[in-house]
Structures are given as structure tokens and as C-alpha cells.
Amino acid sequence: MTPTITKEYRLPEYTGIQALRLHEAELVALRGNDVLMKVHAVSLQYRDLMVATGKYTPGVKDNVLPCSDAAGEIVEVGSDVQGWKKGDRVCANFSVDHIAGDMTESIRQSALGGPIDGVLTQYKVLPAHCLVSIPGHLSYEEASTLPCAALTAYNALHGPVPMKAGDYILVLGTGGVSIFALQLATASGAVVIATSSSDEKLDKAKQLGAKHVINYKKTPEWDQEVLKITNGRGVDHIIEVGGPGTLPKSLKAVKYAGWIHTIGFLSSEPSEGANLAMECLSKACFIRGILIGSRHQFEDMNRLIIAARLRPVIDKVFSFDQAREAYEYLESQKHIGKVVIKVVN
Ligand SMILES: NC(=O)c1ccc[n+]([C@@H]2O[C@H](COP(=O)([O-])OP(=O)(O)OC[C@H]3O[C@@H](n4cnc5c(N)ncnc54)[C@H](OP(=O)(O)O)[C@@H]3O)[C@@H](O)[C@H]2O)c1
């Protein structure tokens, strides 16, 4: 029997993690091009904390069903759906209407867990055009980490000038996006420099393939250290998750005509006195904003994940009932890689 009821979380107000409410709801009817996904696992993003605390500036619908990233199994297929069947293991793309090409304002409004309802639920109706097959060697928990963090890292490193073997890639911190960038870059023969606030996390980054590591607390002038490591040349690509507080140093650490992929805003304090326009000009470098990626890029990324047998780094798995604890753990920044909620026991 097709389920008609789901347990789901909602955020009736945006006052913090404690506002998360679990309740039962009726599922919306399946239209011709929809599938019903039994959600097995959901992974958390820094964005989910911003949404819960009312700090997510691109906008959130009222009483949102939060979270963007899930992996699950198709349990019902609409009458017009082609190419998918019951039992298929799938993820949904972050912006369900981002199939290929550039972001547009209307595609941006199709982002799960923000402008539209998300995936922290037992069952989810999704349009078939957003679906991507899960690589066979990955569990549902592992696959749930791919739609946002992994695809963002992939989009950065495979942009207009893709990284190549031998390139230097600088990843800031050891959160979800940065650890995926480390793994994708290492699998592609690039040389990774990783930074972190923690020596313990840097040890783990080395085990994952980072050739050089810098503790940015002990070495606040990490940009100078990057220049030393690269014999003054600078790095080819930077995974810039810090934002205003780290961008001036990234501009020092990048090579002439290198790429800075601006992704996050973890360090919101702007550095004083930095003239970013002049710094960018004097490095003749590229600063590229990233907004996750398309379904086609997701499919390309999965081919690399399958070829290199990559496995996402999961720090901790929480049960569905422990969603608040999972959010709190992510907020503590004790994790390395990803925090996951297992929806099916
Ligand atoms: N534009 C996009 O498409 C896109 C997509 C995904 C994420 N994002 C954004 O990217 C950022 C990272 O997301 P995430 O999901 O990877 O976050 P996350 O998993 O929560 O990562 C948090 C980690 O970032 C590191 N960090 C914090 N402050 C830092 C600083 N000043 N310098 C360097 N590292 C710092 C810390 O690592 P250590 O403990 O190792 O220092 C921390 O544990 C967020 O701002 C998020 O909103 C944007």
C-alpha cells in the first residue's frame, strides 16, 4: 500500500534549533511526473543552521520542512514518469529545477529546504526530473551527503578551467564542502593543502590525502605559509568557505591567474583595510561565486565517485528522533566532513 501519511519536521518559527517540530502530515498527491521517495537518510548543511536561526538571506518559506539533502528509495511512480521504477536508489538535486546550465532566479526558487519544502521527512514527493542514481558502492547515509556539499566542491573544481593533475588546491577548514574538495582533488591527482583550527582534524585530512596542512589558529598568517609551500607561486584553486574574513588572505595565497571559488561565509568578520578589487586586479585572478550545481553536474560527479571508489566522510549519524541533537552537533563544529540523520531505523 502506498503511504499517505509521513512524519516530518517543520520550523514554525525561525528562532533556533529548538523550534524544530516533529509531527504527522498527509502526503500531497502524486502528479504524473512525480515519484514518492522513502527517505532513508538526510545530511545536514551549515545552511540548515542559518535557516533555523532566521539568518538565511536568500529567503525561506513560512513553516518550512527543512533540509536539502536526502537519499532514499522510490516507492511509487507517477503515470508519466519514464526511466525510474520502484526500488531505485536515488538522491534529489539541491535545486530541483536545476537540470543543466547556469543558475537563474526561478531555478534558485526551487531549492529544497528554503524557498520550497525540504526533505527531513519519512516520505517525500519529488519531480522525476531532479533525480540522480546513487553510486552502487555507497550506503544511503553516504549518498545523502552528495547533493549540496559534494556537488558544490565538484562544481568549484570542475568549472570553466577545471583542476588538473599536479595543480595545488587549497581547502579552508575541514567541514563538508572542504573535505569533499580534498577527496575529489586527491582522486584527480592534484596536490591538496588543507587548513584547520585543529591538529587532530589535520591528521585526518592527511589520512584522506592532503599533502600539506596548516593550523590556521597557530599560524594566523596561513597565506604566507601557502606561498612558502608553493615556492612563492601560490595555489591554482581555493575552496573559499570563509568569506569576508578569509578572502583577503586567499587573494594573497592564490597564484597569478588562479581561481578563488567563493562558496561560504563561515568567517563573517570582514578584514579591515583590505582592498579586494586591487588585490584581485594585481593577481589577475578569477573570483567565481558558486551556487551548488546542476543535475547534469551531479551525474558527472557520480562517475568520478564511482571510478575512484570515493566514500564520503561521515563524522556522526543521528536517529530521526535526534534531529535537534544532530543540528546542535553540526553547530558545535566538532565534526569533520558530514553529519547525517538516519531516517529509517
Ligand atoms: N555557495 C554554495 O553553493 C554553498 C554550498 C555548500 C555550502 N556553502 C557554504 O559553505 C560554507 C561551508 O559549508 P559546510 O557545509 O562545509 O560547513 P560545515 O561542515 O559546517 O563546516 C564548518 C567548518 O568550517 C571550518 N571553519 C569555520 N570557520 C573557519 C574559518 N574562519 N576559516 C577556515 N575554516 C573555518 C571549521 O573547520 P575546522 O574545525 O577544521 O577549522 C568548521 O568545522 C558555509 O558558509 C555554507 O553555507 C555554500
Side-chain angles (χ1 to χ4, degrees), residues 149-150 152-159 161-243 245-264 266-267 271 279-280 283-288 290 304-305 308-313 315 333-338:
T152 298
Y154 182 87
N155 185 359
L157 296 173
H158 289 272
V161 175
M163 71 172 156
K164 50 190 186 308
D167 278 358
Y168 276 92
I169 313 293
L170 172 63
V171 305
L172 303 185
T174 58
V177 175
S178 296
I179 289 294
F180 270 117
L182 187 170
Q183 291 180 286
L184 294 168
T186 303
S188 306
V191 182
V192 174
I193 305 173
T195 74
S196 176
S197 58
S198 144
D199 287 341
E200 209 183 321
K201 290 182 178 182
L202 288 174
D203 284 344
K204 177 79 178 165
K206 272 192 168 169
Q207 286 165 27
L208 290 167
K211 277 269 164 21
H212 308 274
V213 294
I214 305 167
N215 184 317
Y216 63 80
K217 292 274 184 221
K218 292 182 184 167
T219 310
E221 307 303 320
W222 49 265
D223 51 322
Q224 297 308 313
E225 195 59 28
V226 170
L227 291 174
K228 257 190 236 163
I229 291 167
T230 57
N231 293 320
R233 173 182 177 271
V235 294
D236 298 86
H237 293 271
I238 302 182
I239 299 297
E240 223 318 331
V241 290
T246 51
L247 186 55
K249 287 201 166 74
S250 288
L251 280 158
K252 301 260 187 254
V254 74
K255 84 173 184 80
Y256 281 92
W259 288 81
I260 299 175
H261 306 280
T262 64
I263 292 168
L266 291 163
S267 65
S271 305
E279 294 283 347
C280 179
K283 274 293 181 73
C285 68
F286 301 87
I287 300 182
R288 175 178 177 237
I290 303 285
L304 172 52
I305 288 175
R309 303 291 290 178
L310 286 185
R311 302 203 88 105
V313 175
D315 186 291
Q333 300 205 344
K334 288 185 187 137
H335 66 287
I336 171 163
K338 297 299 298 176

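Note that the numbering runs from 1 along the sequence shown for the chain. Note that the structure is predicted; figures quoted are calculated from it, not measured.
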Quick check against the 3.5 Å criterion: does Ser196 have a side-chain atom that pairs as donor or acceptor with the backbone of Leu202?
no

Quick check: does any side chain N or O of Ser188 sit under 3.5 Å from a backbone N or O of Ala190, one acting as donor and the other as acceptor?
no

Beyond-backbone contact of Asn155 with Thr152, side-chain heavy atoms, under 4.5 angstrom:
no

Tightest non-hydrogen contact, residues Cys285 and Ile260, listed as SG-CD1, 4.5 Å

Using modelled atom types only, decide if a donor and an acceptor are shared between the side chain of Thr195 and the backbone of Gly173 within a distance under 3.5 Å.
yes

Applied to residues 180-200, the salt bridge (Lys or Arg N to Asp or Glu O under 4.0 Å) test, sequence neighbours excluded, yields Asp199-Lys218

Tell me whether Lys283 contacts the main-chain N or O of Leu251 through its side chain, where contact means a donor paired with an acceptor under 3.5 Å.
yes

Taking atom types as modelled, find out whether Thr219 and Glu225 have a side-chain donor-acceptor pair closer than 3.5 angstrom.
no

Would you call Lys164 and Asp167 a salt bridge, taking side-chain N to carboxylate O under 4.0 Å as the test?
yes

Any non-hydrogen side-chain atom of Leu184 less than 4.5 Å from a side-chain atom of His158?
no

Ile193 vs Thr230 side-chain heavy atoms within contact, under 4.5 Å:
yes

Between Lys201 (side chain only) and His335 (backbone N and O only), is there a donor and an acceptor less than 3.5 Å apart?
yes

Got Phe180 and Lys338 here, is their nearest side-chain heavy-atom distance under 4.5 Å?
yes

Compare every heavy atom of Ala210 with every heavy atom of Val213, then report the nearest pair and how far apart it is.
CG1-CB, 4.2 Å

Inter-residue atom distance Leu208.CG - Gln183.CD, 0.5 Å rounding
5.5 Å

Lys228 NZ to Asp223 CG distance, which is reported to the nearest 0.5 Å
10.5 Å

Tightest non-hydrogen contact, residues His212 and Val191, listed as CD2-CG1, 4.1 Å

Are any side-chain N or O atoms of Glu279 and backbone N or O atoms of Pro248, one a donor and one an acceptor, separated by less than 3.5 Å?
no

Could you check whether any side-chain heavy atom of Tyr168 comes within less than 4.5 Å of a side-chain heavy atom of Lys255, counting everything from C-beta outward?
no

Under the side chain to side chain contact (heavy atoms under 4.5 Å, CB included) test against Ser178, which residue among Ile336, Val171, Val192, Leu266 passes?
Val171

Euclidean distance, His237 NE2 relative to Leu157 CG, rounded to 0.5 Å
6.5 Å

Find the distance between CZ (Phe286) and NE2 (His261) and round it off to the nearest 0.5 Å.
10.5 Å

Separation between CZ of Arg288 and CD1 of Ile238, rounded to the nearest 0.5 Å:
14.5 Å

Looking at Ala185 and Ile169, what are the two nearest heavy atoms and their distance?
CB-CG1, 3.8 Å

Looking only at heavy atoms, the pair that brings Leu170 and Ala253 closest together is CD2-CB, 4.1 Å

How long is the straight-line distance from CD1 of Ile263 back to CD1 of Ile239, given to the nearest 0.5 Å?
4.5 Å

Find out whether Trp222 and Leu172 are in side-chain contact, i.e. whether some heavy atom of one side chain is under 4.5 Å from a heavy atom of the other.
yes

Could you go through the side-chain contact (heavy atoms from CB on, under 4.5 Å) check for Lys249 and Tyr216 one step at a time?
CA-CA 11 Å; Lys249 287 201 166 74; Tyr216 63 80; over 6 Å; no

For Glu240 and Ser250, the nearest pair of non-hydrogen atoms, with its separation, is OE2-OG, 2.7 Å

